[in-house]
Amino acid sequence: MKDFAIFWGCTIQTRFPFLEKSTRMVLEGFNLPYRDIDGFTCCPEKSLVNNIDHGLWILTAARNIALLDKAGVDLVSPCTGCASNLATVNSELHSNHKEKNKVNSILNEVGLEFKGNNKLRHLVPFFHDEVGIPAVKNKIIKPFNGMRIAIHYGCHMIRPSHALKNDDPLDPKKFDNLIRAMGAESVQYMTKLLCCGQGLDRIDQHENALHFARLKLKELRALKVDAMALCCPSCYLQFDNNQFLMEKEGEKFGIPIIYFTELLGLAMGYKPEDLGLDSHRIEATAFLEKWQRLNGDLSKTTELNRQLEAGFGIAQL
Amino acid sequence: MESLNFKLLEQCSKCGACYHICPSCLNLEGYDPRAVIKDVLAGQHEKWLSHKSIWQCLECHHCLEICFQHYGFENTMAAMRTLAAKKGMTPPQVKRGWDMFIKTGKLGEPVAPARKKLNLPEAAKSGAEDFKKMVKIYREAKTNPNF
């Protein structure tokens, strides 16, 4: 596997350093060739920068990608926004030589050149495609068998698909496959692909943001899922923090929001507190207790399976 | 922002297939991108620049994916936001975010005490200085009509 730089993005490092922690633990647990490189800025966020200055949006993303060209490494990001923005600009510059030349005329003056020769991926499709389901299964020592987990993909993990090219943009499968590889049921639900709505909090429309959070959380409460799994700091903010704010006002949902890396880390046998699960605003206690209990029950069935696999039943005939 | 393709927008104004998948169309009262598109085509977009609707597009790209023209109305909403921003009509938080981005190249910085507590390594260096240099060159280049 080719070396890759991790692109943390602003939100994880500013607001949720524990998500960086679980990501590093999982990458190290799999012995993956990742590194931190100096010089990145904001990806930059499309909904903020592109609206105000399209040229600067392209240029800033191109500069981040040019740093990869210089270091000769691929990129993986645990943030859907960063992965999507960088891939979108990469695809736009590959299809527009005039714009690429313009960008490079400026980047050359700061000692960089955009080539866009390296892969830019989000962490979830990266695990699915590069690490692979069999390798993931091999690392699982405390599976989630018996647990019902609802996946929230996050729009920018899969869209726009012409740039990301990593899953079906209207019927994605890869995150589901990974959750199932960890033993859990991926609960199918009506609002599964609905946008989290966090963007509305960034334009001073908090009540509308809460309305969107409610749509999903209400359905998941009715379905009695054990947790929601996601891999985007903005969606995490929406469902953990805004759920907490609603609970403070007396609206109870009780849906723990677990990051992909935390889920994988738990299944690999890492301690919840080492992974940073105690930093969540919505407590994961009930989820963890059920998982511990089911793993206790599981060791009994594992013994039964061991005997079956050894041909115990057949030998008695 | 790239210029809008009015020929494709003609189709958008009559189609509306994306209304069945657009999260804001489905959930926010009064959110109606075709009304904006019709005014754009009639040369009467000005009234939308101060309207909250243009900021309610979540840029989820659902409309783009389902659109038979691979266009979607997200382009129109982004164009309206760009024009509004030019006139200084952004929601306060957008302005704050933009100021921080231009000043630091980022939307926040790593928090050293929290990193130490979690036993995380020192964060990689930010490219803020090079970024600011690049922005200066870019702004000068933009004053050249041939750029």
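Letters A, B, ... mirror the listed sequences (proteins, then strands); counts begin at 1. In this text the structure is predicted, and so the values were computed from the model without any measurement.
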Using the side-chain contact (heavy atoms from CB on, under 4.5 Å) rule, take Tyr34(A) and Glu28(A) through it: C-alpha gap first, then chi angles, then the decisive distance, then the call.
CA-CA 9 Å; Tyr34(A) 84 99; Glu28(A) 277 155 29; 2.5 Å; yes
Applying the ring-ring contact (aromatic ring centres under 6.0 Å, His included) test to His152(A), which of Phe239(A), Tyr259(A), Tyr236(A), Phe212(A) qualifies?
Phe239(A)
Glu113(A) vs Asp69(A) side-chain heavy atoms within contact, under 4.5 Å
no
For Lys52(B) and Leu28(B), what are the C-alpha separation, side-chain angles and deciding distance, and is it a side-chain contact (heavy atoms from CB on, under 4.5 Å)?
CA-CA 11 Å; Lys52(B) 68 175 182 189; Leu28(B) 299 178; over 6 Å; no
With side chains defined as the heavy atoms from C-beta onward, is the minimum distance between Leu120(A) and Leu68(A) less than 4.5 Å?
yes
If I measure from the heavy atoms of chain B, does Ile12(A) come under 4.5 Å with its side chain, its backbone, both, or neither?
neither
Would you say Ser24(B)'s side chain and Gln56(B)'s backbone share a donor-acceptor pair under 3.5 angstrom?
yes
At a heavy-atom distance under 4.5 Å, which candidate from Pro121(B), Ala114(B), Ala84(B) has the highest pair count against chain A?
Pro121(B)
Under 4.5 Å from any heavy atom of chain B, what part of Asn64(A) do you find: side chain, backbone, both or neither?
neither
Side chain to side chain donor-acceptor pair (under 3.5 Å) partner of Asn241(A), the single match among Arg281(A), His280(A), Arg15(A)
Arg281(A)
Quick check for you: among Lys86(B), Lys133(B), Glu109(B), which has the greatest number of heavy-atom pairs under 4.5 Å with chain A?
Glu109(B)
Cut-off 4.5 Å, heavy atoms of chain B, and the answer for Gln205(A) is side chain
Ranking Ile58(A), Thr191(A), Thr41(A) by heavy-atom pairs under 4.5 Å to chain B gives rank one to Thr41(A)
Among Glu65(B), Glu59(B), Lys106(B), Arg81(B), single out the residue with the greatest number of heavy-atom pairs under 4.5 Å to chain A.
Glu65(B)
Proximity breakdown for Phe40(A) and chain B, heavy-atom pairs closer than 4.5 Å:
backbone
Go through the steps to decide whether Asn119(B) and Lys21(A) satisfy the test side-chain contact (heavy atoms from CB on, under 4.5 Å), and finish with yes or no.
CA-CA 8 Å; Asn119(B) 206 12; Lys21(A) 178 74 179 181; 3.8 Å; yes
Of the listed Gly127(B), Ala141(B), Pro92(B), Pro110(B), the one with the largest count of heavy-atom pairs under 4.5 Å with chain A is Gly127(B)
Answer yes or no: is there a donor N or O on one side and an acceptor on the other, between the side chain of Ser47(A) and the main chain of Leu58(B), under 3.5 Å?
no
Assert top hit (heavy-atom pairs under 4.5 Å, partner chain B, pool Cys195(A), Gly39(A), Ser84(A), Cys155(A)) equals Gly39(A)
Check for me whether the distance between the ring centres of His51(B) and Trp48(B) falls short of 6.0 Å.
yes
For the backbone of Phe7(A) and the side chain of Ser77(A), can you confirm whether one donor and one acceptor N or O come within less than 3.5 Å of each other?
yes
Counting heavy-atom pairs under 4.5 angstrom with chain B, the leader among Glu109(A), Arg24(A), Arg159(A) is Arg159(A)
Criterion side chain to side chain contact (heavy atoms under 4.5 Å, CB included) against Val94(B), the qualifying member of Asp204(A), Ile52(A), Asn51(A):
Ile52(A)
Proximal component of Arg96(B), with respect to chain A [non-hydrogen, under 4.5 Å]
side chain
Go through the atoms of Ile102(B) and report whether side chain, backbone, both or neither lie under 4.5 Å from a heavy atom of chain A.
side chain
Heavy-atom contact with chain A under 4.5 Å, split by part of Ile21(B)
side chain
Against chain B, label Leu112(A) side chain, backbone, both or neither, depending on which of its atoms sit under 4.5 Å from a heavy atom there.
neither
Given Glu45(A), His156(A), Gln198(A), the one with more heavy-atom pairs under 4.5 angstrom with chain B than any other is His156(A)
Residue from Ala124(B), Ala85(B), Ala123(B), Cys60(B) scoring the most non-hydrogen pairs under 4.5 Å with chain A is Cys60(B)
Tell me, with the steps shown, if Arg35(A) and Asp3(A) meet side-chain contact (heavy atoms from CB on, under 4.5 Å).
CA-CA 8 Å; Arg35(A) 60 173 98 153; Asp3(A) 284 14; 2.8 Å; yes
Measure Ser105(A) against the heavy atoms of chain B and call it side chain, backbone, both or neither at under 4.5 Å.
side chain
Side-chain donor or acceptor of His45(B) paired with backbone N/O of Ala79(B) under 3.5 Å
no
Rounded to the nearest 0.5 Å, what separates atom CE in Met77(B) from atom SG in Cys57(B)?
6.5 Å
Run the ring-centre check on Phe131(B) versus Phe101(B) and record whether the distance is less than 6.0 Å.
yes
So does Asp32(B) pair up with Lys38(B), basic N to acidic O under 4.0 Å?
no
Which region of Leu194(A), side chain (C-beta onward) or backbone (N, CA, C, O), has a non-hydrogen atom less than 4.5 Å from a non-hydrogen atom of chain B, or is it both or neither?
side chain
When the 4.5 angstrom heavy-atom criterion is applied to Leu64(B) and chain A, the contacting part is side chain
Let me know if Leu118(B) has heavy atoms under 4.5 Å from chain A in its side chain, its backbone, both or neither.
both
Which residue out of Leu83(B), Leu120(B), Ile137(B) racks up the most heavy-atom pairs below 4.5 Å with chain A?
Leu120(B)
Identify the residues of residues 161-171 of chain A whose heavy atoms come closer than 4.5 Å to a heavy atom of chain B, ordered by number, or report 'none'.
Ser161(A), His162(A), Pro169(A), Leu170(A)
Quick one: what part of His62(B) sits under 4.5 Å from any heavy atom of chain A, side chain, backbone, both or neither?
both
